[in-house]
Asks: 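Submitted below is the structure of interest, expressed as structure tokens.
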Amino acid sequence: MTADTFPFRETERKWQERWKALFRCDTAKTDGKYYCLMMFPYPSGDLHVGHGRNYIIGDALARFKMMEGANVLAPMGWDAFGLPAENAAIKNDIHPAVWTERNIESMKLQFDRWGVVYDWSREVAACRPDYYRWTQWIFIRLFRAGLAYREAASVNWCPSCKTVLANEQVASGACERCGSVVSLRKLEQWFFGIRRYAERLLDDLDRLERWPERVRTMQKNWIGRSEGVEVSFPLEGMGETLSCFTTRVDTIYGATFIVIASDHPLAAELLRRGGREEEGGAFIRHVRELQVQEREKAESTKEGFYTGCRAVNPATGAPIPVFLASYVVMEYGTGVVMGVPAHDQRDFEFVREAPLEIPVVQVISPDGSASPRLESAYVEDGIMINSAPYDGLGNREAMDRITDDLASRGLARRVVHYRLRDWLISRQRYWGAPIPMVHCSSCGSVPVNESDLPVLLPENVDFHPRGDGKSPLATVAEFVKTVCPSCGGPAERDTDTMDTFVDSSWYFLRYLSPRDERRAFDPELANRWLPVDQYIGGIEHAILHLMYSRFIVKFLHDEGLLAFDEPFGSLFTQGMIYRNGAKMSKSKGNVVSPAPLIEAYGADTVRIYTLFIGPPEKDAEWNDRAVEGAHRFVNRVWRLYTNHRELLDAGAAADDRVDPEALDEAGTALYRAVQVASKRVRDDVFERGFQFNTAISALMELTNELYLYVERNERFRAGDGAAARLFRNAVRRLVLLLAPMAPHLCEELWELFGNDGSIFRQGLPEPDSRYLKAETYTLVLQVNGKIRSKVEVEKDAPRETLEKLALEDEKIKRILAGGTVIKTIVVPGKLVNIAAKLA
RNA sequence: GCGAGAGUGGCGGAACUGGCAGACGCGCUGGACUUAGGAUCCAGUGAGGAAACUCAUGGGGGUUCAAAUCCCCCCUCUCGCACCA
């Protein structure tokens, strides 16, 4: 005979259908609102169990919150623009829109199968015109505010595929598809001026207390604020000066050369004046090649080329050579660096290989006297030397004085630099939101009239790469050709599309009024429902998506459209699921598909295992065998019902009143186990941050207790009424506590118990705090920190009693015999430790 | 190189403010029920030892009556950033 198992196949569909109404959120009611948001996925078609973790955590949380009486908003949508749709289209000859919509349908079914439910009436998809219309609208708002501008910028170009490559298509300087070396091409592109928000994006990180420290640190480093000084170095025999950014102006007396980026605007001019144009050009090309090649290789070399020109060190008055160098980049600071070999490791390495002899002048030393020979750059603080008027000062103080003195001569100013770049949003791609701009020969770049939005993506487009670096949209004459919204003359549309991060930087606003045809979002609803109470997603979006969303929300706030200026109040980043030591991916062939697992074990088993696998914020290794443990647990809970149908069926189950005072010893133990489990589940989920793994283990323990109670309690076995009521009470509470994690099982049991309405409208059991501690506990007796004995004591026994018990314990007495007790430490509830000198 | 996180049985992991290391689960062992068990139920399961005990939280030091937990040094792994001037 086989034991009863939960008939999950019959049960799952039934509840999945009924839950759709349960998750329909009435946003007009904001009392107890809880906006539970999971990052919307790219509709790639197939979800694996690693993706599932995100959604299962979110779904369990939403259900726990519902049981706490919250009005939960849990919407879902699709980050549906992007490269894979185009790739699939090229490969399978299917239109990206068709491919995407097909995938969306299939993924919705996959969510259903997991028992993961959303308010689908709010579904949005970034690729649908009623959504991207408003993405375009945001672009125009940014443009009007002066935060969207056009500038020439480099793109990755594959000379053999003859196409522009996205950064993710470039692997260590080579085209991901064909392996040829990627080169750079300059194109006119659109940028968003996120740098103007750098300071606020940085400062406001401090307010995001409920974000992981890790994410805040990553954003902080990404913004990369750095305080320093810009110093002017006049070029010898020329009118111009070179402006250097430095954070170590205290070392300026040791600046014995200048290095500039090879793509610096003055580079060519300097080479010409130095009479070294030809060789210099070759060097510039060489550096450009280095930049696209392997990073480590490029970084280890400190190659330089003498321009033939010299600049004057404004502090010493000495002429110093100007070099082009591979290690200076135009993107940071001013693209010009003063070379201080004695105090900067890179400069130190540079002079060793430099084509000219360059003096190494030490200007800071630990003790005020120069070191005989530097083995490496001295980068610590110290005493100033070789720095004329500043000798003897601490370098920190000298830094201020030198800055002031140079500034008074008009040669320096204090500046703050950020590493954060403006956001390049142009993509030479088909499958994205068209940039709603028109280029007119007389008016320049003009935004499309808002009433003419959306600028629709044309459908019949050949999106195979064309070889000229332009977007496929450029081939569609009827798209390109238009009239200027400003002067009415003939003009051309911008043919690039927007980075998909633009789409995802505001979708959380759209969920509140997804079908609104008059505006992107309803400010009133948005102000009432945001910031998002809980955002859940992968750590891979720690920087870009989260930073861009913060930027857009701050911008909309500044436009007076939103009252808040941070989108996500609390952020949770779940860990990834690995298998065979690697991240799950199709290319590695280690994906675990949920469908066969759900087929074999049921959705609740897969959910329980996924939540039980480990702390949700940490990475975890998927173990096929361990899934069976979750399955056993689900069935053990089910059998509590089937083994005791007569006690739990409708009618009987209603009466679960328990008088804890009147219970026998085993009964009290079970009653207490229920209270402990209730407390632990609540704490693990709400207080300790979604620790579903330990919450489940608490419920496994309670289940084990119930089995033992049935097995061992004579009164229960004899059909005692009070024992039966206690059993019912315990099982009902177990089912309530488990419901958010194993919803199909528990909803079904709840109905079998004779209840009307969803279990998710029930409150979570409150622990009876009088019964969280046992009447007695095991007091540990230690001598010199080592456990020597144990004794059962009453829970409220006073310290004196505990000490007395310890000293009178036979084992302890034997050990202490002949020795001297130095000190006795009594920790009520835990232990007594006797520090003693033993014989 | 810089920054962050981690290292605990055969495995995944517990241990919340320093206080019985190994909860819970997987696996394994034994038993019960059974024609049978790969179902189910019960029990055992860190290592060594016959036992008393001893040793065990990456390694080494330290603080403390007491350390997985706090401090110092070192090793390994993962992630992020990376010529940041």
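Keep in mind that what you see is a predicted model, and the values were worked out from it rather than measured.
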Asks: Considering only side-chain heavy atoms of A/Thr694, which listed nucleotide, B/rA15, B/rG13, B/rG3, is closest?
Replies: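 Out of B/rA15, B/rG13, B/rG3, the nucleotide with an atom closest to A/Thr694's side chain is B/rA15.
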Asks: Any side-chain N or O of A/Arg625 below 4.0 angstrom from OP1/OP2 of B/rG10?
Replies: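 So the side-chain polar atoms of A/Arg625 never come under 4.0 Å of the phosphate oxygens OP1 or OP2 of B/rG10.
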Asks: Starting the side chain at C-beta, find the nucleotide from B/rC81, B/rG19, B/rG27 nearest to A/Ile825.
Replies: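 Nearest to the side-chain atoms of A/Ile825, counting from C-beta on, is B/rG19.
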Asks: Using a strict 4.0 Å threshold on nitrogen-to-oxygen distance, state whether A/Arg414 and A/Glu230 make a salt bridge.
Replies: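 Between A/Glu230 and A/Arg414 there is no salt bridge, as every charged N stays at least 4.0 Å from the carboxylate O atoms.
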Asks: Convert the base pairs of RNA chain B into dot-bracket notation, remembering that pairs crossing earlier ones are written with [ ] and that bases paired across to another strand are shown as |; include only Watson-Crick or G-U pairs under 3.5 Å.
Replies: (((((((..(((......[....)))((((((.......))))))(((....)))..(((((..]....))))))))))))....
Asks: Picking from B/rA4, B/rC41, B/rG25, which would you name as closest to the side chain of A/Asn704?
Replies: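 Comparing B/rA4, B/rC41, B/rG25 against the side chain of A/Asn704, the answer is B/rG25.
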Asks: Measure from the side-chain heavy atoms of A/Trp222 and tell me the nearest of B/rG3, B/rC65, B/rC81.
Replies: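 Selected nucleotide: B/rC81.
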Asks: Specify the separation, in whole Å, of atom CG of A/Asn623 and atom P of B/rC24.
Replies: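 Result: 19 Å.
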Asks: If we take the P atom in both B/rA6 and B/rU17, what is their distance in whole Å?
Replies: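 That atom pair is separated by 13 Å.
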Asks: From NE2 of A/His631 over to P of B/rU40, roughly how many Å is that when rounded to an integer?
Replies: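 Distance, rounded to whole Å: 9 Å.
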Asks: Whole angstrom is fine here: how far is it from NZ in A/Lys811 over to P in B/rC53?
Replies: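 Distance check: A/Lys811 NZ to B/rC53 P gives 6 Å.
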Asks: Using only heavy-atom distances, decide whether a donor-acceptor pair under 3.5 angstrom links the side-chain of A/Lys790 to the base of B/rC20.
Replies: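 Looking at the base of B/rC20, it does pair with a donor or acceptor on the side chain of A/Lys790 (distance under 3.5 Å).
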Asks: Between A/Asp344 and A/Ala630, just flag the one whose closest nucleotide in RNA chain B comes earlier from the 5' side.
Replies: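 Mapping each residue to its closest nucleotide by heavy atoms, the 5'-most match is A/Ala630.
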Asks: So, OP1 or OP2 of B/rA52: does either fall under 4.0 Å of a side-chain N or O from A/Arg788?
Replies: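 No, A/Arg788 has no side-chain N/O under 4.0 Å of OP1/OP2 on B/rA52.
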Asks: Could you work out the separation of B/rA23 and B/rC72 based on their C1' atoms and round it to a whole Å?
Replies: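 Nearest-Å result for B/rA23 against B/rC72 at atom C1': 32 Å.
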Asks: Looking at B/rC24, B/rC26, B/rG19, which one has an atom nearest to any side-chain atom of A/Lys830?
Replies: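 Looking only at heavy atoms from C-beta outward on A/Lys830, the closest nucleotide is B/rG19.
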Asks: Any side-chain N or O of A/Arg632 less than 4.0 Å from the OP1 or OP2 oxygen of B/rC41?
Replies: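 No.
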Asks: Which residue pairs satisfy the salt bridge (charged side-chain N to carboxylate O under 4.0 Å, His left out) criterion with at least one member in residues 773-789 of chain A, sequence neighbours excluded?
Replies: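 Only A/Glu775-A/Lys795 qualify under salt bridge (charged side-chain N to carboxylate O under 4.0 Å, His left out).
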Asks: Does CZ in A/Arg421 sit with more than 12 non-hydrogen atoms of other residues, nucleotides or ligands closer than 6.0 Å?
Replies: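 More than 12 within 6.0 Å, yes.
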Asks: B/rA14, OP1 or OP2 - any side-chain N/O from A/Asn693 closer than 4.0 Å?
Replies: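 Result: yes.
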Asks: When you check the gap from the basic side-chain N to the acidic O, do A/Arg248 and A/Asp344 get nearer than 4.0 Å?
Replies: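 Answer for the salt bridge query: no.
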Asks: Evaluate the side-chain proximity of A/Cys244 to A/Ile258: yes if any heavy-atom separation is below 4.5 Å, no if none is.
Replies: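 In contact.
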Asks: Counting side-chain heavy atoms from C-beta on, which of B/rA85, B/rC42, B/rC65 comes nearest to A/Val328?
Replies: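 Of all the options, the side chain of A/Val328 is nearest to B/rA85.
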Asks: Using the C1' atom as the point on both nucleotides, what is the distance between B/rC26 and B/rG13, in whole Å?
Replies: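 Rounded to whole Å, the distance is 11 Å.
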Asks: Check this for me, if you would: do A/Glu711 and A/Arg717 make a salt bridge, where the nitrogen-to-carboxylate-oxygen distance has to be below 4.0 angstrom?
Replies: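 Between A/Arg717 and A/Glu711 there is no salt bridge, as every charged N stays at least 4.0 Å from the carboxylate O atoms.
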Asks: Using distance alone, with no hydrogens and no angle criterion, decide if A/Ser789 and A/Asp809 have a side-chain donor and acceptor under 3.5 Å apart.
Replies: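 Present: a donor and an acceptor within the cut-off.
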Asks: From the set B/rC41, B/rC81, B/rA15, return the single nucleotide nearest to any side-chain atom of A/Arg688.
Replies: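 My answer, after comparing the listed nucleotides, is B/rA15.
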Asks: For A/Glu621, answer base if it contacts any base atom (sugar-phosphate contacts may also be present), sugar-phosphate if it contacts only those atoms, and nothing otherwise; contact means non-hydrogen atoms under 4.0 Å.
Replies: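 The residue A/Glu621 makes no contact with any strand.
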Asks: Please output the side-chain donor-acceptor pairs of residues 702-709 of chain A that fall under 3.5 Å, not counting sequence neighbours, one pair per line with the distance.
Replies:
unit_1	atom_1	unit_2	atom_2	d
A/Thr703	OG1	A/Leu699	O	2.7
A/Asn704	OD1	A/Arg636	NH2	2.8
A/Asn704	ND2	A/Met700	O	3.4
A/Tyr707	OH	A/Arg636	O	2.8

Asks: For the side chain of A/Asn833, starting at C-beta, report the closest nucleotide among B/rA85, B/rG3, B/rC65.
Replies: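 The closest nucleotide is B/rC65.
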Asks: How many Å lie between CZ on A/Phe633 and P on B/rU40, as a whole number?
Replies: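 Atom CZ in A/Phe633 sits about 14 Å away from atom P in B/rU40.
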Asks: Any side-chain N or O of A/Asn635 less than 4.0 Å from the OP1 or OP2 oxygen of B/rA39?
Replies: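 No, because none of the side-chain N or O atoms of A/Asn635 sits under 4.0 Å from OP1 or OP2 of B/rA39.
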Asks: From the set B/rC83, B/rC41, B/rG19, return the single nucleotide nearest to any side-chain atom of A/Leu831.
Replies: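 The answer is B/rG19, which lies nearest to the side chain.
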Asks: Return the value, rounded to whole Å, for the distance between atom CZ of A/Phe690 and atom C1' of B/rC16.
Replies: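 The answer, rounded to whole Å, is 17 Å.
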Asks: When the P atoms of B/rG62 and B/rC28 are considered, how many whole Å apart are they?
Replies: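 That atom pair is separated by 44 Å.
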Asks: Check for me whether the distance between the ring centres of A/Phe501 and A/Trp423 falls short of 6.0 Å.
Replies: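 Centroid separation for A/Phe501 and A/Trp423: 6.0 Å or greater.
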Asks: Could you tell me how far B/rG60 sits from B/rA15 if I compare only their P atoms? Round to whole Å.
Replies: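 Taking atom P in both B/rA15 and B/rG60, they lie 26 Å apart.
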Asks: Using atom P in both nucleotides, what's the gap between B/rA82 and B/rA47 to the nearest angstrom?
Replies: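 Rounded to whole Å, the distance is 47 Å.
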Asks: Between B/rA14, B/rC41, B/rG80, which one does the side chain of A/Met218 approach most closely?
Replies: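 Side chain of A/Met218 sits closest to B/rG80.
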Asks: How should the glycosidic conformation of B/rG37 be described, syn or anti, under the criterion that syn lies within 90° of 0?
Replies: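 Nucleotide B/rG37 adopts anti.
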Asks: Could you state the CG-C1' distance from A/Leu708 to B/rG44, rounded to the nearest angstrom?
Replies: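 So the CG-C1' distance, A/Leu708 to B/rG44, works out to 15 Å.
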Asks: Could you check whether any side-chain heavy atom of A/Leu734 comes within less than 4.5 Å of a side-chain heavy atom of A/Leu640, counting everything from C-beta outward?
Replies: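 Result yes, sub-4.5 Å side-chain heavy-atom pair found.
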Asks: Closer than 4.0 Å, any side-chain N/O of A/Arg636 to the OP1 or OP2 of B/rC24?
Replies: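 Indeed not, no polar side-chain atom of A/Arg636 lies that close.
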